[in-house]
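All figures in this text were calculated on a predicted structure; none of them were measured in a lab.
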Amino acid sequence: MSDYNNYNSRRRFLAQSSLGLLAFSGMPALLNAMEGMQAMPKMPPRKASPDFKPDVEIELFCKQASVPILVGRETKVMQYSAKRLQGPKEAVTEIPGSYLGPVIRLQKGQKVRIHLHNGLSEATVTHWHGLHVPAEMDGHPLYAIDPGQVLVYEFEVLNRAGMNIYHPHPHETTAKQVYHGLAGALLVNDDEEASLGLPSGEYEIPVVIQDRLFDTDNQFIYARGMHDRMTGFYGDRILVNGRADFQMDVDSRAYRLRFLNGSTARIYKLGWDDGTPITVIGVDGGLLEKPDIKPYVMLAPGERLDVWADFSGRSEGSQLVMRSLSFSGVLPKMGMMMHTGSLPVGSDYPIFTARVARKVSDSPKLPATLSKINRYQITDTANPNKPVPIAISEAHMAMQLNGRPYAYNDVQDFERIPVNTIQLMEIFHAHGGGHGRHATSEGQGAEHQGGMMGMGGMRHGRMGGGMGMGGMGGGMGGMMMAMAHPIHFHGQQFQIVSRSVDMATGDDYATVRDGFIDSGLKDTVLVMPGETVRVIKPFQDFKGLFMYHCHNLEHEDMGMMRDFLVV
Ligand code: C2O
Ligand code: CU
Ligand code: CU
């Protein structure tokens, strides 16, 4: 959305498309947003500090490469690679033949220094999704570096054990860089986890799920037009750990599968093909307190899942397929019509196959208790009666949060958070129209900070900055564009307090509702159409800018992102 020419060509495209009508009512909002946009300043790349004594030191390179994915020609990708300068050997493990970055494995309490080398032909910066690090180390687009530059990160691992992600976060090009291959898993281990003796080594397998679209020459195709970005971009090939038709050969025993949805937009409903329930032992922020057995599990972009998969008792040669099962209601009804790919979101398709290759007699037992989670109560929050609003605004060409597109240095009152406070937050769809306000489990019609919520849904004066959301906010526009959004907060992980859903979503919601795991710590939560989710999030230790955004990365790049300023 950076220049008027671009805008005009999109307008032309839209006028010809079935969404032309919607495009017109969205226009004033977009024009205002473009005027208000502040350019991201350039910071000089941070250098190593001589006082910092790292336990682990890594050089991380971003570069162009070619890798074999499909039969025939290699695919051009962007790729992370790493070199360990200091620290234990397990700190860096390459995934042979994959475009995915190496698995980085850290211990809680370690001091880590990472030199990020930009070997691309465009700006980039790396974010440690899930890690609680100072604002300056968090990979804010403000710190993006140009080709040839090096950025040095230094931080201590404060997180409990869990699976995190490292991925690029440059302004408006996050999705494109992730799609082309820049992403990797970052695992943290700690003593609490180690005491459980969970399956490890070859029995702990990362499962990074991504979808890609290839041309006839085996090259990635990426977002071709506006509607690819409105709904998010979807490929028709499912890759696991960078491979098509992924199969794992397993022993007849228990495994620990570490899932990560690394797709830019695709949401999965994971289930075993023979109806075996999924035994979940952890989510984004690490282990649950006790295992949770689910018929299926929803996994949205940016979310992680720790699964106990027990193949003991299965015969040699038998196979179990992890599928994405059918569901509905995550895309706008109109988007669904336009989304004509051969692998529709919500259809039923395989993700990978586990084949029992060897019969063994011994298998570890699933622990009955896994971890202790320090929980906050609503009464611990600084704002029990005025949750910080996270309003999802869905308007054509204007997927936004709190009524505004991302802009640097555009922090609103309620986005300033005092450091070392615990905040109650409410994520909801801002459109009024057919969706009335709904009761939450804490009572009806709680007022947000700054009194922005009223009967009509959103108050434009405060939240929208006079952006003319009215035309799209209510009625048909809002209803037609309603879709699911994985909302992600940088900084510390949060607890999910409640979900409530309005009546209009009935049948669709029933296809996903048993697949949420709300008992663990999260940094990304899937918010369905018509759904309101309350979370409690701590803002401890660090001041500065911490982003919150939709982890549908096309949405993020369209501006569905904001900053909290922790002061
Ligand atoms: Cu994984 Cu700000 O993102
Ligand atoms: Cu993040
Ligand atoms: Cu979104």
Side-chain angles (χ1 to χ4, degrees), residues 106-109 129-132 157-165 185-200 203-204 206-207 254-261 270-271 276-300 302-310 363-381 422-425 441-442 486 488-489 491-499 513-526 533-540:
L106 303 172
Q107 298 291 326
K108 180 175 181 173
H129 175 136
L131 290 191
H132 175 42
V157 180
L158 300 176
N159 284 59
R160 68 202 291 258
M163 184 191 217
N164 302 282
I165 318 166
L186 190 160
L187 297 169
V188 174
N189 296 120
D190 66 10
D191 294 343
E192 184 185 47
E193 180 196 44
S195 72
L196 294 172
L198 296 171
S200 63
Y203 305 114
E204 181 188 18
V207 181
Y255 279 73
R256 186 179 184 191
L257 305 182
R258 318 278 319 249
F259 288 84
L260 150 52
N261 184 347
L270 300 175
T276 301
I278 300 190
T279 303
V280 179
I281 59 171
V283 289
D284 308 355
L287 294 168
L288 305 178
E289 286 173 312
K290 49 183 179 22
D292 195 354
I293 314 248
K294 291 284 190 181
Y296 59 84
V297 182
M298 301 305 296
L299 195 68
E303 287 188 305
R304 287 86 78 201
L305 197 63
D306 205 340
V307 168
W308 178 274
D310 194 351
S363 177
K365 291 278 157 294
L366 174 65
T369 57
L370 297 164
S371 77
K372 173 87 193 79
I373 294 177
N374 298 317
R375 283 179 198 286
Y376 296 108
Q377 305 300 319
I378 301 227
T379 48
D380 298 323
T381 64
I422 317 293
Q423 298 283 331
L424 178 64
M425 320 199 123
S441 44
E442 282 79 51
H488 169 55
F489 296 90
Q492 275 164 299
Q493 277 134 351
F494 54 79
Q495 294 163 224
I496 296 176
V497 181
S498 64
R499 288 175 185 268
R513 70 176 316 147
D514 293 329
F516 302 120
I517 297 135
D518 292 344
S519 58
L521 293 177
K522 298 282 292 170
D523 54 52
T524 308
V525 59
L526 180 59
V533 179
R534 287 192 154 202
V535 309
I536 294 179
K537 176 172 156 56
F539 288 83
Q540 287 156 329

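The side chain to side chain donor-acceptor pair (under 3.5 Å) check on Asp523 picks up His129, Arg304, Gln493, with sequence neighbours excluded. Residues satisfying the side-chain contact (heavy atoms from CB on, under 4.5 Å) criterion with Ala161, sequence neighbours excluded, are Asp190, Glu193. Applying the side chain to side chain donor-acceptor pair (under 3.5 Å) test to Ser371 and every residue at least two apart in sequence or in another chain returns Arg160. Every residue was checked against the side chain to side chain donor-acceptor pair (under 3.5 Å) condition with Arg513, not counting sequence neighbours, and none meets it. For Asp191, the salt bridge (Lys or Arg N to Asp or Glu O under 4.0 Å) test picks out no residue, with sequence neighbours left out. Checked against side-chain contact (heavy atoms from CB on, under 4.5 Å), Pro277 has the following partners two or more places apart in sequence or in another chain: Ile293. The ring-ring contact (aromatic ring centres under 6.0 Å, His included) check on Tyr255 picks up Tyr203, Phe311, with sequence neighbours excluded. Not counting sequence neighbours, the partners of Glu204 by the salt bridge (Lys or Arg N to Asp or Glu O under 4.0 Å) test are Arg105, Arg256, Arg258. Under the side-chain contact (heavy atoms from CB on, under 4.5 Å) criterion, Asp514 pairs with Pro295, Tyr296, sequence neighbours left out. Judged as a salt bridge (Lys or Arg N to Asp or Glu O under 4.0 Å), and not counting sequence neighbours, Lys537 has no contacts. Scored by the side chain to side chain donor-acceptor pair (under 3.5 Å) test, Thr369 finds no partners at all (sequence neighbours excluded).
Side-chain atoms of Gln423 and Thr381, non-hydrogen and from C-beta on, never get closer than 4.5 Å to each other. With contacts defined as side-chain heavy-atom distances shorter than 4.5 Å, the pair Phe516/Ile496 does not qualify. Residues Ile517 and Leu305 meet the side-chain proximity criterion, which asks for heavy atoms closer than 4.5 Å. At least one side-chain heavy atom of Leu131 sits less than 4.5 Å from a side-chain heavy atom of Val188. Within the 4.5 Å cutoff, the side chain of Val157 has no heavy atoms near those of the Gln107 side chain. Side-chain contact between Val207 and Val307: absent, with no pair of heavy atoms (C-beta onward) separated by less than 4.5 Å. With contacts defined as side-chain heavy-atom distances shorter than 4.5 Å, the pair Asp310/Thr279 does not qualify. Inter-residue side-chain proximity for Ile281 and Leu198 is flagged as met; some heavy-atom pair is nearer than 4.5 Å.
Nearest heavy-atom pair, Pro199 versus Pro364, reported as atom, atom and distance to 0.1 Å: CG-CG, 4.2 Å. The nearest pair of heavy atoms linking Asn159 to Gly130 is ND2-O, 2.7 Å. Shortest non-hydrogen contact noted between Ala254 and Ser363 is N-OG, 2.9 Å. Taking every heavy atom of both residues into account, Ala300 and Pro486 meet most closely at CB-CB, 3.8 Å.
A distance of 9.5 Å separates CD in Glu303 from CD1 in Ile165, rounded to the nearest 0.5 Å. Atom OH of residue Tyr376 and atom CD1 of residue Ile422 lie 4.0 Å apart, to the nearest 0.5 angstrom. Atoms CG and OG1, from Leu424 and Thr379 in turn, are 11.0 Å apart once rounded to the nearest 0.5 Å. The CZ atom of Phe494 sits 14.5 Å away from the CZ atom of Arg534 when rounded to the nearest 0.5 Å. Put simply, CG on Leu288 and CG on Leu521 are 9.0 Å apart, with the number rounded to the nearest 0.5 Å. The OG atom of Ser498 lies 7.0 Å from the CD1 atom of Ile378; values are rounded to the nearest 0.5 Å.
Looking at Asp306, Val280, Leu299, Val283 one by one, the single match for side chain to side chain contact (heavy atoms under 4.5 Å, CB included) with Phe259 turns out to be Leu299.
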side-chain contact (heavy atoms from CB on, under 4.5 Å) evaluation trace for Ile373 with Gln495: CA-CA 10 Å; Ile373 294 177; Gln495 294 163 224; 5.6 Å; no

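Here salt bridge (charged side-chain N to carboxylate O under 4.0 Å, His left out) pairs that include residues 277-297, with residues two or more places apart or in two chains, are Asp284-Lys522, Glu289-Arg375.
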